[in-house]
2 protein chains.
Amino acid sequence: MVEAYLDRLTHFSPVSEKSRDLLKKHIYTGKVAKGDFILKYQEACNAIYFIESGFARQYYFKNGKDITEWFAGEQEFCFSISSYFKNTPSNLMIEALEDSTVIYLDKKGFTSLTKTHLDLAQLAITMFSRSLIFSQERTESILFQSAKDCYLNLLKKQPHILQQVSLAHIASFLGITQETLSRIRAKI
Amino acid sequence: MVEAYLDRLTHFSPVSEKSRDLLKKHIYTGKVAKGDFILKYQEACNAIYFIESGFARQYYFKNGKDITEWFAGEQEFCFSISSYFKNTPSNLMIEALEDSTVIYLDKKGFTSLTKTHLDLAQLAITMFSRSLIFSQERTESILFQSAKDCYLNLLKKQPHILQQVSLAHIASFLGITQETLSRIRAKI
DNA sequence: CTGGTTATTTGACAAATGTCAAAGGTTTTC
DNA sequence: GAAAACCTTTGACATTTGTCAAATAACCAG
């Protein structure tokens with residue numbers, strides 16, 4: 001499982017056998033039951049998480065409302081950007097919506113390896129630039145589309161989400177209310 | 001000027017004298033007159049731009065509408081994330097709203113140096129992770145705030161923008177119409 | 001300074017979305 | 001299999017924001 005994960009990681013950017021072995025020491029796996037947290041509120045995000053199997057939701061509270069920031073499906077990464085980079089307690093929570101197997105890439109270990117190994121530094125650059133592109137696309141998608149178009153966009157890009165997640169969560173991901181989303185659906 | 005820029009860059013992450021000299025070879029400066037483009041439509045974004053003096057607006061067209069993605073003030077960075085990382089022609093344009101002096105950090109040169117020098121790779125990691133945090137904060141700010149709160153947020157974080165930019169551009173940055181913004185202002 | 005241009009505000013109304021409440025559906029649990 | 005808990009839909013109405021058009025205000029060039 002860890003080998004497959006390493007394959008996936010190093011697909012972003014080539015990594016020597018030696019670096020791969022070093023990296024392996026900072027990777028560990030865990031099971032998270034449905035409803036439990038991969039990252040708890042106010043906890044430091046000290047790893048990059050990879051959902052080997054299962055499904056997770058990233059969310060936070062704003063003015064008492066539960067806001068979904070992102071969904072992470074199987075074979076996808078997630079982490080709290082601000083907590084990870086700023087070393088602050090996380091406002092973001094990551095909850096397993098199904099029983100999940102999670103692979104952790106330890107931040108401290110990974111960071112220190114990037115300081116001594118060029119190939120791993122390249123890997124970090126590639127990973128973060130990919131995140132940057134995702135983040136960018138999300139902003140553009142939400143900023144200038146109607147709720148309906150956002151929904152259709154989601155439907156196209158990540159249709160599996162709609163099978164697994166409650167309406168309320170999808171609505172908060174899209175930045176609209178549950179009722180509005182229900183009405184949008186009714187029209188399609 | 002370039003030295004001050006290097007100081008600023010290397011403040012993100014320490015860089016050796018030797019690396020600094022190497023980096024310098026990939027930095028060049030230019031003047032851009034008001035109304036001219038730092039990055040043209042469909043051009044490849046082959047540098048990270050730094051506004052030494054002046055002011056710039058990043059925007060693109062969506063369904064015929066002019067959408068402002070970001071403003072870059074003095075001593076700030078800007079570039080087209082997707083064009084830079086994906087090597088695609090840029091949909092984003094960067095226009096100087098005032099006569100500006102721009103410092104270019106050449107992508108090709110910088111990228112290749114990050115492949116051979118650990119300290120410069122670290123610099124890249126730090127720069128891109130900072131961009132990631134900015135992008136993230138922007139999404140959160142826009143996604144779950146009313147138009148008014150977005151405006152107040154901008155007022156607090158980048159008040160200088162409001163002095164330099166037309167209402168229409170600020171409105172498109174906030175994702176609202178000019179009329180709505182005008183009414184929000186009237187109430188304050 | 002003055003006419004022309006551009007930017008901003010205002011008004012009237014339409015459309016989209018939110019809020020609150022209630023009614024149906026589903027799923028879970030015992 | 002029935003009650004409880006939870007999720008989704010629907011209705012009525014309020015609020016926010018958009019659209020179009022016109023009126024002001026600010027800016028610029030000659």
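Just so you know, these numbers use all the heavy atoms, side chains as well, and skip hydrogens, waters and symmetry mates. Numbered from 1 within each chain, the chains take letters A, B, ... in sequence-line order.
- Checked against B:Tyr5 for a ring pair (Phe, Tyr, Trp, His ring centres under 6.0 Å), the options B:Tyr49, B:Phe12, B:Phe50 give a single hit: B:Phe50.
- No side-chain heavy atom of A:Ser182 sits under 4.5 Å from any side-chain heavy atom of A:Arg185.
- In terms of phosphate contacts, A:Ser182 brings no side-chain nitrogen or oxygen within less than 4.0 Å of OP1 or OP2 of D:dT8.
- For an aromatic pair to be called close, the ring centres must be under 6.0 Å apart, and B:Tyr28 with B:Tyr104 satisfies this.
- To the nearest angstrom, P of D:dC27 lies 13 Å from CG of B:Leu167.
- In summary, A:Lys31 and A:Asp36 do not engage in a salt bridge, as defined by a charged side-chain N under 4.0 Å from a carboxylate O.
- The separation between B:His169 atom NE2 and C:dT6 atom C1' is 12 Å, rounded to whole Å.
- As rounded to whole Å, 17 Å separates atom P of C:dA7 from atom CG of B:Leu162.
- Toward the 5′ end of DNA chain C lies the nearest nucleotide of B:Val165, the other residue of the pair B:Val165 and B:Arg183 mapping further downstream.
- For the pair A:Leu174 CG and C:dT17 C1', the interatomic distance rounds to 13 Å; values are reported in whole Å.
- Distance, A:Lys148 NZ to C:dG18 P: 16 Å, rounded to whole Å.
- Side-chain atoms of B:Ser19 and B:Leu113, non-hydrogen and from C-beta on, never get closer than 4.5 Å to each other.
- Using a 4.0 Å heavy-atom distance criterion, A:Lys65 is classed as a sugar-phosphate-only contact.
- D:dT19 atom P lies 15 Å from atom CG of B:Leu181, rounded to whole Å.
- Nearest nucleotide to the A:Thr177 side chain, out of D:dT9, C:dT19, D:dG18: C:dT19.
- Taking only side-chain atoms of A:Ser166, from C-beta outward, the nucleotide of D:dT8, C:dT8, D:dG18 with the closest atom is D:dT8.
- We find that CD of B:Glu179 is positioned 17 Å from P of C:dA14, with the value rounded to whole Å.
- Checking C:dG18, D:dT17, D:dT10 against every side-chain atom of B:Thr180, the shortest atom distance belongs to D:dT17.
- Atom NZ in A:Lys187 sits roughly 9 Å away from atom C1' in C:dA16 (whole-Å rounding).
- The base of D:dC7 does not come close enough to the side chain of A:Gln178 for any donor and acceptor atom to sit less than 3.5 Å apart.
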